[in-house]
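All remarks here apply to the structure that follows.
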Amino acid sequence: MKTNLLSVLLLSIFFFSCETKVTTSVGADDEKIISETPTEVTYHASHEPKKANAPFSDAVQVGDLYFLSGQIGMDQSTRTLVEGGIEAETKQTLENIKAVLAHHDMDMSHVVKSLVVLDDIKDFAAFNAIYKTYLPQKPARTTFAAEALAAGAKIEIEVIAVKR
């Protein structure tokens with residue numbers, strides 16, 4: 001719940017301030033605005049048919065930025081958490097993120113920011129060992145622990161990616 005509230009708050013602030021300005025420098029302290037164009041926001045449908053009626057989008061696109069909803073270690077074919085603890089759930093979570101990115105013609109190298117929520121902060125080392133193999137470019141990251149994640153998950157990760 002805390003993660004969702006934080007995400008909604010941050011996205012709201014971002015969306016209400018979305019405006020693209022293309023500028024060029026004309027002097028030491030002067031800027032000349034060439035054009036101002038509002039940035040289009042697209043709420044993408046899920047690539048998973050079973051999530052067609054979910055009350056959220058898997059990805060929201062703002063210009064070249066993609067804000068992905070949090071993913072947990074759920075097997076997308078059975079809609080159940082994978083067994084095997086934090087290691088298995090971390091791998092599945094990151095594979096789920098890869099699937100959403102692939103649906104939008106991107107891969108893990110496009111990730112520039114991640115937000116990680118652990119059910120137990122003692123799982124940090126185990127999660128981190130796997131995480132760094134999927135995201136070697138070292139995107140900005142926030143990690144914290146919260147009690148009682150969705151579906152009894154041990155981890156949830158959401159990311160922001162830039163499509164180049």
Side-chain angles (χ1 to χ4, degrees), residues 1-16 41-164:
M1 185 68 168
K2 292 177 187 177
T3 302
N4 290 340
L5 182 59
L6 177 63
S7 297
V8 169
L9 178 62
L10 291 174
L11 282 173
S12 297
I13 291 168
F14 182 77
F15 290 148
F16 288 119
V41 177
T42 305
Y43 298 86
H44 292 282
S46 177
H47 69 290
E48 290 182 72
K50 292 181 181 180
K51 287 173 66 176
N53 294 322
F56 57 88
S57 298
D58 275 351
V60 176
Q61 179 183 354
V62 182
D64 292 339
L65 294 175
Y66 285 73
F67 297 83
L68 275 62
S69 290
Q71 295 286 330
I72 59 176
M74 184 174 285
D75 179 322
Q76 294 177 347
S77 63
T78 64
R79 305 293 302 153
T80 58
L81 284 175
V82 296
E83 294 181 8
I86 188 64
E87 292 89 356
E89 284 190 42
T90 299
K91 287 177 187 174
Q92 186 64 53
T93 298
L94 291 163
E95 289 297 325
N96 293 347
I97 290 169
K98 281 175 61 174
V100 175
L101 290 170
H103 184 70
H104 298 284
D105 299 318
M106 291 183 285
D107 58 36
M108 298 297 266
S109 72
H110 291 90
V111 174
V112 296
K113 171 75 172 103
S114 67
L115 174 69
V116 180
V117 185
L118 298 168
D119 184 55
D120 187 340
I121 201 66
K122 293 176 186 170
D123 288 334
F124 181 84
F127 134 77
N128 199 48
I130 296 164
Y131 174 94
K132 62 187 180 182
T133 66
Y134 280 81
L135 294 156
Q137 75 272 25
K138 298 182 180 182
R141 181 177 86 189
T142 302
T143 305
F144 61 92
E147 198 172 307
L149 298 178
K154 295 186 177 302
I155 186 167
E156 181 171 351
I157 302 175
E158 69 176 47
V159 301
I160 299 171
V162 178
K163 192 168 194 176
R164 302 178 202 103

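Everything numeric in this text was worked out from a predicted model, so none of it was measured. FYI, side chains are in, hydrogens and waters are out, and symmetry mates aren't considered; it's all heavy atoms of this structure.
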| said: For Lys154, is there any backbone N or O sitting under 3.5 Å from a side-chain donor or acceptor partner on Glu89? | reply: yes
| field | Sub-4.5 Å side-chain heavy-atom contact between Ile130 and Glu87 | value | yes
| field | Any donor-acceptor pair under 3.5 Å from Ser69 side chain to Ser57 backbone | value | yes
| Greater than 12 external heavy atoms within 6.0 Å of Glu147's CD | no
| remark: All heavy atoms of Ile86 vs all of Ala126, minimum pair found to be CG2-CB, 3.7 Å
| query | Parallel, tilted or perpendicular for His44 and Tyr66, by the 30°/60° rule? | reply | parallel
| said: Quick check: closest heavy atoms across Glu48 and Arg79, and the distance to 0.1 Å? | reply: OE1-NH1, 2.9 Å
| Would you say the side chain of Leu115 lies within less than 4.5 Å of the side chain of Ile157, judging by non-hydrogen atoms? | no
| Okay, side chain of Asp107, backbone of Ala102: is any donor-acceptor separation there less than 3.5 Å? | no
| request: I would like to know whether Lys51 and Asp58 meet side chain to side chain contact (heavy atoms under 4.5 Å, CB included); could you show each step before the answer? | output: CA-CA 9 Å; Lys51 287 173 66 176; Asp58 275 351; 2.7 Å; yes
| field | Stepwise side chain to side chain contact (heavy atoms under 4.5 Å, CB included) check, Phe127 with Thr143 | value | CA-CA 11 Å; Phe127 134 77; Thr143 305; 4.2 Å; yes
| query | Taking the side chain from Asp64 and the backbone from Arg164, do they hold a donor-acceptor pair closer than 3.5 Å? | reply | no
| Do the non-hydrogen side-chain atoms of Phe144 and Leu118 ever get within less than 4.5 Å of each other? | no
| request: State, yes or no, whether a side-chain contact exists between Asn128 and Thr90 at a heavy-atom distance under 4.5 Å. | output: no
| request: Report yes or no: do Thr142 and Lys113 form a side-chain donor-acceptor pair below 3.5 Å? | output: yes
| With sequence neighbours excluded, what pairs up with Asp75 under the side chain to side chain donor-acceptor pair (under 3.5 Å) test? | Ser77
| field | Ser114 and Tyr131 side chains, donor-acceptor separation under 3.5 Å | value | yes
| task | Would you indicate whether the side-chain heavy atoms of Ile155 and Asp123 approach each other to under 4.5 Å? | result | no
| said: Assess the residue pair Leu101 and Val111 against the criterion (side chain to side chain contact (heavy atoms under 4.5 Å, CB included)); give the C-alpha distance rounded to whole Å, side-chain angles, the decisive distance to 0.1 Å, and a yes or no. | reply: CA-CA 9 Å; Leu101 290 170; Val111 174; 3.8 Å; yes
| request: Specify the closest pair of heavy atoms between Gln71 and Gln76, including all atoms of both residues, with the distance to one decimal. | output: OE1-NE2, 3.9 Å
| request: Measure across Met108 and Leu94 and return the closest heavy-atom pair with its distance rounded to 0.1 Å. | output: CE-CD2, 3.8 Å
| remark: The reported gap from CD in Glu95 to NZ in Lys98 (rounded to nearest 0.5 angstrom) is 4.0 Å
| request: Compare all side-chain heavy atoms of Val60 with those of Thr42 and state whether any distance is below 4.5 angstrom. | output: no
| request: Measure across Ile72 and Ala151 and return the closest heavy-atom pair with its distance rounded to 0.1 Å. | output: CD1-CB, 3.9 Å
| Looking at residues at least two apart in the chain, or sitting in another chain, which of them share a side chain to side chain contact (heavy atoms under 4.5 Å, CB included) with Glu83? | none
| note | When every non-hydrogen atom of Ala148 is compared with those of Asp119, the smallest separation belongs to N-OD1, 3.2 Å
| said: Taking Val116's backbone N and O only, do any of them form a donor-acceptor pair with Glu156's side chain (distance below 3.5 Å, no angle check)? | reply: no
| note | One should read off an interatomic distance between Leu65 CG and His110 NE2, to the nearest 0.5 angstrom, of 12.0 Å
| message | Is it the case that the side chains of Gln61 and Tyr43 hold a donor-acceptor pair, with the cut-off being a distance below 3.5 Å and no angle test? | response | no
| said: What verdict does the side chain to side chain contact (heavy atoms under 4.5 Å, CB included) test give for Val100 and Asn96, after you've listed the backbone C-alpha separation in whole Å, the side-chain angles of each residue and the deciding distance to 0.1 Å? | reply: CA-CA 6 Å; Val100 175; Asn96 293 347; 5.8 Å; no
